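Please read all numbers here as calculations on a predicted model, not as lab measurements.
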There are 2 protein chains.
Amino acid sequence: MTTRTERTRLRILEIALRLFAAEGYDAVPVTRIADEAGVSHMTFFRHFPSKSDVVVTDPYDPLIAEFVRAQPAGLSPLERGRRGILEAWSRIADQSDVADDSVRLRLGIVATHPGLRARMWESQQVTQQAIAAALADGGTDVLEAEAVAGALIGALTSALFLVGAHPTLGMGDAVAGAMRALDPGPQS
Amino acid sequence: MTTRTERTRLRILEIALRLFAAEGYDAVPVTRIADEAGVSHMTFFRHFPSKSDVVVTDPYDPLIAEFVRAQPAGLSPLERGRRGILEAWSRIADQSDVADDSVRLRLGIVATHPGLRARMWESQQVTQQAIAAALADGGTDVLEAEAVAGALIGALTSALFLVGAHPTLGMGDAVAGAMRALDPGPQS
DNA sequence: GCAGAATTGTTAGTCACTAACGTCACGCGT
DNA sequence: ACGCGTGACGTTAGTGACTAACAATTCTGC
């Protein structure tokens, strides 16, 4: 049951992504997208609070934080975060359609544009804060929780940008590789 | 020998920071800053390419990458990065004046503003890329180098935001704490 | 003091985004 | 099937960041 709102939103989104990919993000004004979608620029902004949201929005679940919270308290904060993200990813990868072409297309657009990279990082901050809160609730002190969460999101974000820049790199491999890079290896 | 350019730049900077701190970043238009500094808005933009540069610019040296590169090749990439940043920081802290009040003031303004946080992260990306390149030159594969660099900058950035939000937290302590959070501890 | 160079000002314009308010069409109940 | 209320959409007018082109000013070396 697709409502009218969803249809309009999707139409705007597809046209915008096509134009951005073809002509470049900065070269395409919002009015152009609105025109080609047969709507006014106001309608565009009602569906996407800002131009960049078209390309940056995907609900990278605060569900990640739940998986972090679920890790055994005996582990170091970094290790809890690592494993939480890995588990969350495998859960997400199951219900596929996340690794679909639209995501890759968006990552491709974002990866080449510093301002959009920053916007994407900004959008990940809610996840980062959720992870930090999960760790801090587990008794980790605030500075360490914040630093670990920042590191995890930083590594993850870098990996996703690589995916956008490298058509041959799979998202699953990238995420797994990023988390492996933070693996301390066997502890003494 | 302070040139005219430097004087004008400094005047704009001081007035802008004062206004931002007093009334909020979004509430102060560029024209207002220009007026109070006795210049036109064009002069503002000639000294600061964008409004946010006033608050986000400080040359957090690509010197960091040199210290990373200088770490022994036997260590893991993460460990090389950790130690490189720690050494770079101690070197920077020596020639003081980095930890001065202006930096804290700017961090305070940035920390409360999501868009500015993103801009600051964006400005750290040149350092991140330099670190990634340093690691990749040392034989680390690209994904791991990129992920580690992202993690380091992510942790560092989070720590700096905490400094901005917490007047009692010292910058040195924050940086040290952030790096400690990524310490794998004694390896087996 | 004067020529040339660097710095700044003026003006006019583009684009992202917002507020207020009017209008129309969709889909719901009857 | 048909009206009617609500939500989706349009229009207009405006603000603020930022740029280009060119004119005017101040500064500096000689």
- line: Scanning both residues in full, the closest heavy-atom pair of A:Val68 with A:Arg80 reads O-NH2, 3.5 Å
- prompt: Are OP1 or OP2 of C:dT8 and a side-chain N or O of B:Ser40 less than 4.0 angstrom apart?
  reply: no
Within 45° cone and under 6.0 Å: A:Lys51 NZ/CZ vs A:Phe45 ring: no
query: Whole Å only: how far is the CD1 atom of A:Ile33 from the P atom of C:dC17?
result: 10 Å
statement: Rounding to 0.5 Å, atoms CD1 (B:Ile33) and CZ (B:Phe20) come to a distance of 3.5 Å
- prompt: Is there a donor and acceptor pair closer than 3.5 Å between the side chain of B:Arg32 and the base of D:dG16?
  reply: no
query: Can you tell me how far P of C:dT8 sits from CZ of B:Arg11, to the nearest Å?
result: 9 Å
- prompt: 5'-most contact on DNA chain C: A:Met42 or A:Thr31, nearest heavy atom basis?
  reply: A:Thr31
query: Under 4.0 Å: is that the gap between some side-chain N or O of A:His47 and OP1 or OP2 of D:dA8?
result: no
Along DNA chain C (nearest heavy atom to each residue), the more 5'-positioned of A:His41 and A:Arg7: A:His41
- prompt: Quick one: which of D:dT19, D:dC9, D:dA8 gets closest to the side chain of A:Thr5?
  reply: D:dA8
task: Can you tell me the distance, in whole Å, between the CZ atom of B:Phe45 and the P atom of D:dA21?
output: 18 Å
query: Taking CG from B:Asp26 and P from D:dA17, how many angstroms apart are they, rounded to a whole number?
result: 9 Å
- prompt: Given atom CZ of B:Phe44 and atom P of C:dT7, what is their separation to the nearest angstrom?
  reply: 18 Å
query: Atom OH of B:Tyr25 to atom P of D:dG16: distance rounded to whole Å?
result: 14 Å
message: Using a 6.0 Å cut-off, check whether atom NE2 of B:His166 has over 12 heavy atoms from anything other than its own residue.
response: no
message: Rounded to whole Å, please give me the gap between CD1 in B:Ile12 and C1' in D:dA17.
response: 15 Å
- prompt: Checking only heavy atoms, does the side chain of B:Arg46 share a donor-acceptor pair with the base of C:dG9 at less than 3.5 Å?
  reply: yes
field: Length of the line joining A:Asp35:CG and C:dA16:P, which is rounded to integer Å
entry: 12 Å
field: Under 4.0 angstrom between B:Thr43 side-chain N/O and C:dG9 OP1 or OP2
entry: yes
- prompt: Would you call the rings of B:Phe161 and A:Trp121 parallel, tilted or perpendicular, where under 30° means parallel and over 60° means perpendicular?
  reply: tilted
field: Per B:Lys51 side chain, nearest of listed nucleotides D:dA17, C:dC17, D:dA8
entry: D:dA17
